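Shown next, in structure tokens, is the structure this report addresses.
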Amino acid sequence: MTEPSASPVMVQYHEIKRANPGCLLFFRMGDFYELFFEDAVAAAQALDIALTKRGRHEGADIPMCGVPVHTAEAYLARLIRAGFKVAMCDQIEDPAEARRRGAKMLRRAVVRVVTAGTLTEEGLLDARRHNYLAGLAEAGSEMGLAWLDLSTGAFALAPTSESALAGDLARLSPGEILLPERLLARPVLFELLAEWKPALTPLPNPRFESEAGRRRLQEFYGVGALDGFGNFGRAEIAAAGALVDYVGLTQQGPAPHLEPPRRVMPGSVMQIDAATRRNLELVTTLAGERKGSLLATIDRTVTAAGARLLADDLAAPLTAVAAIDARLDAVQFFVDRPEMRAAVRERLRRCPDIERALTRLSLARGGPRDLAALRQSLGETASLRGMIEVSASGLVPLPEQLAEARNGLGEHGVLVGRLDRALAAELPLFARDGGFIAAGYSEELDEWKSLRDESRRMIAALQARYAGETAIAALKIRHNNVIGYYIEVSANHAGKLGPEFIHRQTMAGAQRYTTAELADLETKIASAAERALALELGLYEDLVGEVMARRGEIAAAAAALATLDLAAAFAELAVEGQWVRPAVEEGTAFEISDGRHPTVEAALAASGNGSGFVANDCVLADNRVWLVTGPNMAGKSTFLRQNALIAILAQIGSYVPARGARIGIVDRLFSRVGAADDLARGRSTFMVEMVETAAILNQAGPSSFVILDEIGRGTATFDGLSIAWAALEHLHEVNRCRTLFATHYHELTALAAKLPALGCHTMRVKEWKGDVVFLHEVGPGTADRSYGIHVAKLAGLPKSVTARAEEVLGVLEKGEQGGALARLADDLPLFSAARRRTDPPPPASAAEALLRETRPDELTPREALDLVYRLRGALDAD
Ligand code: ADP
């Protein structure tokens, strides 16, 4: 190809490329997907493959690179991870068809656009996590969020708002977020969404129109109205409609399976903002690793779907007592029946992932192995159902959740039986490779296959005969994809062959021939093989058709398997770690006896210090605010976090690491733990700390649970102390939430005299022969010293430095005498400021307040624009 710009293929290429803006175009040419021009440059760099050139366009070389079709998935995975979208352009006819049409060029079309949020392949997905495609929309003053997992068909929506959005996204952690360009242009949202930048797909505004969205959803589900699914807001419908639209655009071919959208009511899940999730290391550690996170520590599931359910539940703890109790009942059922638990888990271990297999089949992207997965898992459902029924046949009724799961498992004997008979033992990845139908399933297929195999045997006989006749012992009949069957002899034997041998090819040191007889046999084999494959493909379609007809039941069975897995896994975890069933109730109780931190305890156990974790009580009753003092390294953070984690575990329906636990539902959980620089977003440690503290003070309410660790550390001592002081007062007086407040400012304990619900607790420390021993025990009282210099000694600071530090400390401590702190409790102006916050709010509006703060001469044009938006927002809020 010298001048492809003029070639019809290049014309076709440009046309398709134009129709798919924003995507890399994988352009199928024979056994390769090829990329050209800037796509080639970008992909070659991202994939680290050779950039070559092919022909010229407008006087310049055309850059090109390519990947083989059969390994394309691995390359796709890397491109998607690098943030690209890829349009897959295939040849949609075979060369014979094109010839019949008299065309020189194959028809090609984009069969799919692969994006981060619309993956279905095993190789591109994390088996143990959902991969959500989310959509955000606005209608009037409402905002709505919808999300779906194309690989399982899960689909949900919920109202959201500018203030709730960050937390909602943190909960879902979507792989891709669709939103109207208009929303991204709004400064508040632009800032908030910056964190999700690689996942954002802004689309033209009209795609998020709510009426069009409603029509699209009605069409998709074949219903006249959406009311049957729930009472949805316009913005939610707009978001959901945009998702369905996008799925249609990216997935050509059969419509994917999507469950009817489920509405997640605001308030039905515990609100946990992104910072709290990070700080508590729910899914990854602060270092970004999975190992050491709460999720990794508690995951005892044995199926991928169970693991996905756990990750989802952990992201969204419940707030309804009845729903939590229903989960706990199921867990307890398995805790009480160890043998049955073991048997159920043993069965579940043999269940491959059918949720994703089902979706691949429904998108015509599956293969025989997906059918085998269904046969396998559905085959286990009967015995699982039996097990649950037998153990429940007694006096105790089956817990509600397990009764539902038992029904969901369903009856699949007929389908399983058919798949069992149909599928061969060894299965290819793709149906097009053939050879997956078992012998005996179809008489006709068996006939064609034996004809094909018989002919192959005849070829072997022919080789023996030719070798004998020509007296060339080394004569071989071989096959390749280019010239088919051929007879090969080494060059020095070539003269011995008779005239019936027709020359085909000369190789280095060998000659290749065919004969009329061989050609004849070859035709027979080829047509038998072709017939056999066509028959197999037909049978495959029948089987897939049968599966699709039972799609709803299979999806229900998949959900039931995941539920069973998770309940049994929680039970396993509970028994293993001697965890206890929490009593969850309305109100604001919080009574933990002998609580432990699940991951710290596990880490200690792993390091051979199994009994080393010291359990601690936490009873927030008369004192709903605990001020926890103690030196560094004494275990304050661990204590704070363990109580927050226990609340989360209880509300996801798990047992908790304690001897007893009584927990009033937590509606919002906040944490401010540890120091984290957010330099990527241009915030110092102190700024991050203040932003997180602001969120807590502005949002926490009486049902919330707050843990605050070392507020005010990132600034000068008096600044820091003052901020910590005022924050503590505010939490006590205004937020009135359950709070654990750890600090190294012992001065704060002076507040205990003033604040009735504040209790002082401290980490016990023993001094022994001049050394400090941390007992990790929480007890009433106040730490008398910081022991900072002891910790410095432990850390190996030079002796001369620690000795000098002790000297300096002695001098400083003398200067702190004289009851100064007791006076501070009454005099610090911040104290009365916090009190005032509870008075009736001042009449000035938020917009006025904003204006009053404004210094016009100091604003940049950008800040001025932001201000206009904020003023407008403040007006709306007033
Ligand atoms: P602080 O916040 O007071 O500086 P941490 O909570 O970070 O202290 O604890 C420091 C270390 O002490 C932890 O990494 C852990 O190994 C150990 N530790 C903390 N609490 C306990 C406990 N209850 N039992 C045993 N070891 C603990």
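Every value quoted in this text rests on a predicted model; they were computed, and no experiment measured them. Sequence positions, counted from 1, serve as the residue numbers for this chain.
Considering only heavy atoms from C-beta on, Thr514 stays 4.5 Å or farther from Glu522 through its side chain. Looking at Ile525 and Arg452, their side chains come closer than 4.5 Å, going by heavy atoms from C-beta outward. Residues Pro68 and Asp31 are not in side-chain contact: their nearest non-hydrogen atoms beyond the backbone lie 4.5 Å or more apart. Taking the side chain as every heavy atom from C-beta outward, Glu97 and Asp94 approach each other to under 4.5 Å. In this structure, Leu145 and Leu172 have side chains that are in contact, with non-hydrogen atoms separated by less than 4.5 Å. Using a 4.5 Å cut-off on side-chain heavy atoms (C-beta onward), Val114 and Phe84 make no contact. Contact check for Ile554 versus Leu374: side-chain heavy atoms found under the 4.5 Å cut-off. A heavy-atom distance below 4.5 Å is not found between the side chains of Tyr540 and Leu543.
In this structure, Tyr13 and Phe36 have perpendicular ring planes: the angle between them is above 60°, well past the 30° mark. Below 30°, between 30° and 60°, or above 60°: for Phe26 and Tyr33 the angle between ring planes is between 30° and 60°, a tilted geometry. Between Phe501 and Tyr513, the ring planes lie perpendicular to each other; the angle is over 60°, past the 30° to 60° tilted range.
Here the CD1 atom belonging to Ile177 is positioned 8.5 Å from the OG1 atom belonging to Thr201, to the nearest 0.5 angstrom. A distance of 7.0 Å separates CG in Leu35 from CG in Leu25, rounded to the nearest 0.5 Å. Interatomic distance, CG of Leu136 versus CG of Leu178, reported as 9.5 Å (0.5 Å rounding). Atom CG of Asp353 is separated from atom OG of Ser377 by 8.0 Å, given to the nearest 0.5 angstrom. Of the inter-residue distances, the one linking Leu371 atom CG with Leu427 atom CG reads 8.5 Å to the nearest 0.5 angstrom. Rounded to the nearest 0.5 Å, atoms OH (Tyr441) and CG (Asp420) are 11.0 Å apart.
Inspection of the Tyr246 and Glu176 side chains reveals an N or O donor paired with an N or O acceptor under 3.5 Å. For the residue pair His503 and Gln511, a side-chain donor N or O sits within less than 3.5 Å of a side-chain acceptor on the partner. Judged purely by distance below 3.5 Å, without hydrogens or angles, the side chains of Arg360 and Thr120 never pair a donor atom with an acceptor atom.
No salt bridge links Asp446 with Lys449; every basic N to acidic carboxylate O contact stays at or beyond 4.0 Å. For the pair Glu121 and Arg112, the salt-bridge criterion is met [side-chain N within less than 4.0 Å of a carboxylate O]. For the pair Glu454 and Lys524, the salt-bridge criterion is not met [side-chain N within less than 4.0 Å of a carboxylate O]. Using a cutoff of 4.0 Å between basic side-chain nitrogens and carboxylate oxygens, Asp149 and Arg308 are not scored as salt-bridged.
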(request) Evaluate the ring pair (Phe, Tyr, Trp, His ring centres under 6.0 Å) criterion for residues His14 and Phe37: first the C-alpha distance (whole Å), next the side-chain angles of each, then the deciding distance (0.1 Å), finally the verdict. (result) CA-CA 10 Å; His14 285 297; Phe37 301 102; 5.3 Å; yes

(request) With salt bridge (Lys or Arg N to Asp or Glu O under 4.0 Å) as the test, would you mind laying out the steps for Glu211 and Arg214 before giving the verdict? (result) CA-CA 5 Å; Glu211 266 320 297; Arg214 181 186 304 279; 3.4 Å; yes

(request) Take Leu419 and Leu378 through the test side chain to side chain contact (heavy atoms under 4.5 Å, CB included) and record every step on the way to the result. (result) CA-CA 10 Å; Leu419 288 171; Leu378 295 177; 5.7 Å; no

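Val113 is linked by a side chain to side chain contact (heavy atoms under 4.5 Å, CB included) to Asn20, Cys23, Ala87, Val110, Thr115, Thr250, counting only residues two or more places apart in sequence or in another chain. Considering only residues two or more places apart in sequence or on other chains, Tyr466 meets the side-chain hydrogen bond (donor to acceptor under 3.5 Å, both in side chains) condition with Thr515, Glu517.
Note that Arg504 lies outside the cation-pi zone of Tyr486, set by a 6.0 Å cut-off to the ring centre and a 45° limit from the axis.
A 6.0 Å sphere centred on CD of Gln45 holds no more than 12 heavy atoms belonging to other residues, nucleotides or ligands. By the neighbour-count criterion of 12 heavy atoms within 6.0 Å, atom CD of Glu500 is densely surrounded, having more than that number from other residues, nucleotides or ligands.
A ring-ring contact (aromatic ring centres under 6.0 Å, His included) with Phe229 is found for one member of Phe220, Phe155, Tyr221 and no other, namely Tyr221.
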